[in-house]
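Notes for the one structure printed next.
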Amino acid sequence: MARTQLMETADEAVAGIEDGSTVLVGGFGLAGMPFDLIDALIRQGAQDLTIVSNNAGNGEVGLAALLKAGRVRKVVCSFPRQADSYVFDELYLSGELELEVVPQGNLAERMRAAGAGIGAFYSPTAVGTPLAEGKESRVIEGREYLLEYPIKGDYALISAHTADRLGNLVYRKTARNFGPVMAAAATTTIAQVSSVVPTGALDPEAVVTPSIYVDRVVAVEARHYTVQGAR
Amino acid sequence: MARTQLMETADEAVAGIEDGSTVLVGGFGLAGMPFDLIDALIRQGAQDLTIVSNNAGNGEVGLAALLKAGRVRKVVCSFPRQADSYVFDELYLSGELELEVVPQGNLAERMRAAGAGIGAFYSPTAVGTPLAEGKESRVIEGREYLLEYPIKGDYALISAHTADRLGNLVYRKTARNFGPVMAAAATTTIAQVSSVVPTGALDPEAVVTPSIYVDRVVAVEARHYTVQGAR
Amino acid sequence: MTVEHLDRGPLTMDELAEVIARDIPEGSFVNLGIGQPTKIADHLPAELGVVLHTENGMLGMGPAARGDEVDADLTNAGKVPVTELPGASYFHHADSFAMMRGGHLDVCVLGAYQVAANGDLANWHTGRPDAIPAVGGAMDLAIGAKDVFVMMGLFGKDGSPKLVEACTYPLTGVGCVSRVYTDHGVFEVGGPAVVVRETWGIGVEELGHRLGLPLTAPEG
Amino acid sequence: MTVEHLDRGPLTMDELAEVIARDIPEGSFVNLGIGQPTKIADHLPAELGVVLHTENGMLGMGPAARGDEVDADLTNAGKVPVTELPGASYFHHADSFAMMRGGHLDVCVLGAYQVAANGDLANWHTGRPDAIPAVGGAMDLAIGAKDVFVMMGLFGKDGSPKLVEACTYPLTGVGCVSRVYTDHGVFEVGGPAVVVRETWGIGVEELGHRLGLPLTAPEG
C-alpha cells in the first residue's frame, strides 16, 4: 500500500472503480453508511458490481439508489429484507439481482479472514440450517463446523469519523461496525470522514484503522439524516 | 463471565489455579510481562503446568523462575532460546520440559481463534518447513495452507496499564502485544494493572479489552526493571 | 414440582419480560434480541450490574435514546437509537461476533417462530417460497451464548403451538435453546423430556394436551 | 546489463543498508528484521514517508531510544527500546500478524543463513541436532510482505556461499524471497535464473564461479 491520498471530492475518491468490481460497503443501517461515496459511485457509472454490505438499501437513498440505477449484479449481505427495502425486493423478485445471504457474523469474519491472509476457517454458525447447504463440514472436538472462505473486495467504501493526514482512522460509537474489517479486506479502501486532522493529533493507542489499510480519504460535510424516518 | 473481581493482592488474584492447568502468559520480552502474577503463581504452588507465552523466560525472573521452581511440564512458545534463557535451555536439553514451537503469528492467531469460537483455520505460515510436519495441508486458490487449531487457556495472566472498576482494560504502547488475545482465549483471565480508575473514566472508543474478557484485576506497583540489563 | 398460577390468565409480554429478567444472573453479559426481548432491559435494576451487548459493536448499552439523546451513530441491532452507560466499549463487527461465537456472553434472549423439544430454533425464515431470505445475526446469536433463552407467545394467531416436537420452519440453530419463556409457561428444552417450570392461566396437564408433547415437572 | 563496481572492495553492512534503502519505495510500509536490517532505517530520509512496522504491535516506529527516551513498554521486535513517530498506531499481536499475513506490507527485509535460487529462505535454524528450535516471527515474516528482501553477507565465515542452488538448512519459507542484497552483489531470485543487478569488488563471471550458480544479467 502506498501513502494514503487525500482527495478533494467524493467524485475524485471513487475514480477508477471498474465495471465488474466487488465493492465492500460499510454501515449497519444508516450508522457508518458512506452516503457521499455511494452517491459519487452512482455518478461515476461503474456497472455490473457485486456489493457486499450488511443490508441492501433503504428507501431510495444510498445502496438503494445504486441498485435502482441498475449498477449491481449481485448483493452479498446478511439482511436484505427490511421495512423499506422495496427497491431491492423488486429487483430480486424479478430475477434481476443475484443474492447471497450470509449470517452477519460469518460475513464479518469472512472479510476479516480476507484481510488477515487466512485461507479459510471453520465456523459453528449455520450448522444444520438451510444456509449450510453446499458447504463442507467437519467435526472438531465433538462440535460441527462449516468451512467458510474469505470475502475479498476490489474496493471498500467506508465512513469513519476522523482521519489524520497519514490516513489513520477513528470511528464514532456503533458507526464503527464493518469499517475496520472492510478496510483490511479490500485492495483499495476509500474512506469518507467528517474531518482530517494533522498527523499526530490522533492518540496512537486509540487508532482503530491504521493508515496501511487506507488508500484514499475525503472529508465530507456531516449529513443531517433522520434516524427514525429512514429505517 | 460474571462481573470482574477487584483483588487486593496478586496472591488472591492467582488463587485456585489447579495443577495441570494451561496458563497463557502475556508479554513480549519484558514489555507486558505480568511479573507480579507470575511471582504469585510461584508462591501459590500449582504444578505440572503448560505455559503458553512468546518466550520461555530470561535470567532467573518471571517465567524463568517458574521454570526453575519445577512447576512447568510443557512450554508452547515461538522463541524460547535467547541470550539469557539458560534456565529453559538446561531443562529442555535434559528432557525435563516438553516444547512446542509455534510461529509467532500462528501463536497469536490460534489464541485469537480460541477466543472467537473458530474451530480451526488455514494459515500460509510454515508451509514447506519442518514446522509443517504432521499438519494437514490444503491448497486454496492455488496457494498452500496448513490447518491450525485453537489454543485455549484455562487461565491467562496478563499485564495491562489501566483498568476501570468494571474490568475494561487499556494497554500502553507495545506492551499491548498478546494481552487482548490471551484475555479472550482463557476461561479465567487475571490482569495486573498499574492503576484502577472509576467506571466511566476510560474512553469507550479506546477500550482495548472489554470487561467481558476479564475475570480478576489487581493493581500492582510499577516495577522499575532495567530494560537493557534484563534482555 | 411445577408452579401453576391458575388464579389468573396468561402473562402479558411485559409481565413475561419481568419473569425473564428475574432469571438473568447478577453481573452477567446479555444480548437481547430485536423485538420483544428488548423489553427485558426495563426490568433489570441497575444494581444487578448486567451488561448489555449489542452485536453491531457495543458492550454497556443503555436504554433507548429520547429527544436530544438521539445520535445517528449509536443504535442497537434493531437500528433503534440507544444510549451509552458508563464503562461502555465499542468494537467492530468481527470482534463483536467473535465475542458472541466464542461463548463469552452468558445469556442471549431471542424471539422465535418455533422451538423444538430438543432445543432446535426456527426464527429467521417462514419457509414461504416467495419470502426473501434475510438472516442478519440470528444464526450467530443462536449458537453464541452459554444460555440461549427464547421469549415468545406459546401459540400462534391460529392457535397452533410454537413449542413443537420438531420444527417445520427452516432452522436457525440446532439444539441451541435451553429455556423457552412464553405467556403460558416456562419450559426447559434440550433434555430427555420438556420440563415445565411454571404456568400461567393453564395447568400442566391441559398444556401437555394443547402442545401434544409429553411434559415433566422439575426435579425436587 | 549488470553494473560492476570493480574499483572497490565489497560493501560494508552500513553501505549495504544504504543500497537497500534506495530501493524502498516512497510512502511504503516496511518491516525491518532483527539485526542488520534495522540499520536500513538510518538511511531512510523522513521526507520519503516510509512507515516502519514492528510485528510486536506498532506502525510508525521511530529510531532507537536514547537516554530518557527509553521506555520499557516501547520496544521493537528485537526487544530494543525504540521511539514513536507522529501518526503511529498500536495494535495487538493477532492484528499485527494479520497485517503481515494479509500481504499489506510492501517490503520486509530479513537476514538469512541461506537463500536458494528459487527464493527459498533458511534463516531460523542451523539444523544442528543439539540446537534449541526457536522461530519467533521468522516464518510469518517470510510469507508476509509483497516483497521479501534478504540482507546478508554473501559468504559464510568459512567462505561457503549463502546464495545456493538449494538450501541445506531447514527452511523458513518456500520461494518467498524476491531479492538478495549482499556485500558482493544484489541478486533477483525466484525466476528461471538468478539475475545479478550490481556487484562490488568482484565481476559477474567470478561471482558465478564462486557461487557455483548460473547468473544472468538484467534485461534492458
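Residue numbering restarts at 1 for every chain, and letters A, B, ... go by the order of the sequence lines. Given the structure is predicted, the values throughout are model-derived calculations rather than measurements.
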Inset, instruction - Could you check whether the rings of D/His93 and B/Phe178 sit parallel, tilted or perpendicular, using 30° and 60° as the cut-offs? - result: parallel
Inset, instruction - Just give me the residue among B/Gly29, B/Ala132, B/Pro103 that pairs up with chain D most often, heavy atom to heavy atom, under 4.5 Å. - result: B/Pro103
Inset, instruction - Against chain D, label B/Asn106 side chain, backbone, both or neither, depending on which of its atoms sit under 4.5 Å from a heavy atom there. - result: both
Inset, instruction - Would you mind checking which part of D/Asp95 comes under 4.5 Å of any heavy atom in chain B, side chain (CB onward), backbone (N, CA, C, O), both or neither? - result: neither
Legend entry - Residues D/Asn56 and B/Asn177: side-chain donor-acceptor under 3.5 angstrom: no
Legend entry - Contacting region of D/Tyr90 [heavy-atom separation from chain B under 4.5 Å]: both
Legend entry - Within residues 61-87 of chain D or reaching into it, pairs that qualify as ring pair (Phe, Tyr, Trp, His ring centres under 6.0 Å) - sequence neighbours excluded: none
Legend entry - D/Phe155: partners by ring-ring contact (aromatic ring centres under 6.0 Å, His included), with sequence neighbours left out: D/His184
Legend entry - Heavy-atom pair count under 4.5 Å with chain D, highest-scoring of B/Arg172, B/Arg112, B/Glu109: B/Arg172
Legend entry - Heavy-atom contact with chain D under 4.5 Å, split by part of B/Tyr171: neither
Legend entry - Best-contacting candidate, B/Val208, B/Leu131, B/Leu93, against chain D by heavy atom pairs under 4.5 angstrom: B/Leu131
Legend entry - With B/Leu146, the side-chain contact (heavy atoms from CB on, under 4.5 Å) member among B/Glu136, B/Arg138, B/Lys135: B/Lys135
Inset, instruction - Return yes if some donor-acceptor pair links the side-chain N/O of B/Asp203 with the main-chain N/O of B/Glu205 below 3.5 Å, else return no. - result: yes
Inset, instruction - Would you check if there is a donor-acceptor pair between the side chains of B/Asp154 and B/Thr187 at a distance under 3.5 Å? - result: no
Legend entry - Side chain / backbone / both / neither for B/Glu144 at chain D, heavy atoms under 4.5 Å: neither
Legend entry - Engaged part of D/Asn76 at the chain B interface, taking heavy atoms whose separation is under 4.5 Å: backbone
Inset, instruction - Go through D/His125, D/Arg101, D/Met58 and name the one with the most non-hydrogen pairs under 4.5 angstrom from chain B. - result: D/Arg101
Legend entry - Heavy-atom pairs under 4.5 Å with chain D, option from B/Gly105, B/Ala108, B/Ala175 with the top count: B/Gly105
Inset, instruction - Pick one of side chain, backbone, both or neither for B/Leu99, based on which atoms fall under 4.5 Å of a heavy atom in chain D. - result: side chain
Legend entry - Distance-only donor-acceptor check, side chains B/Tyr155 and B/Asp215, under 3.5 Å: no
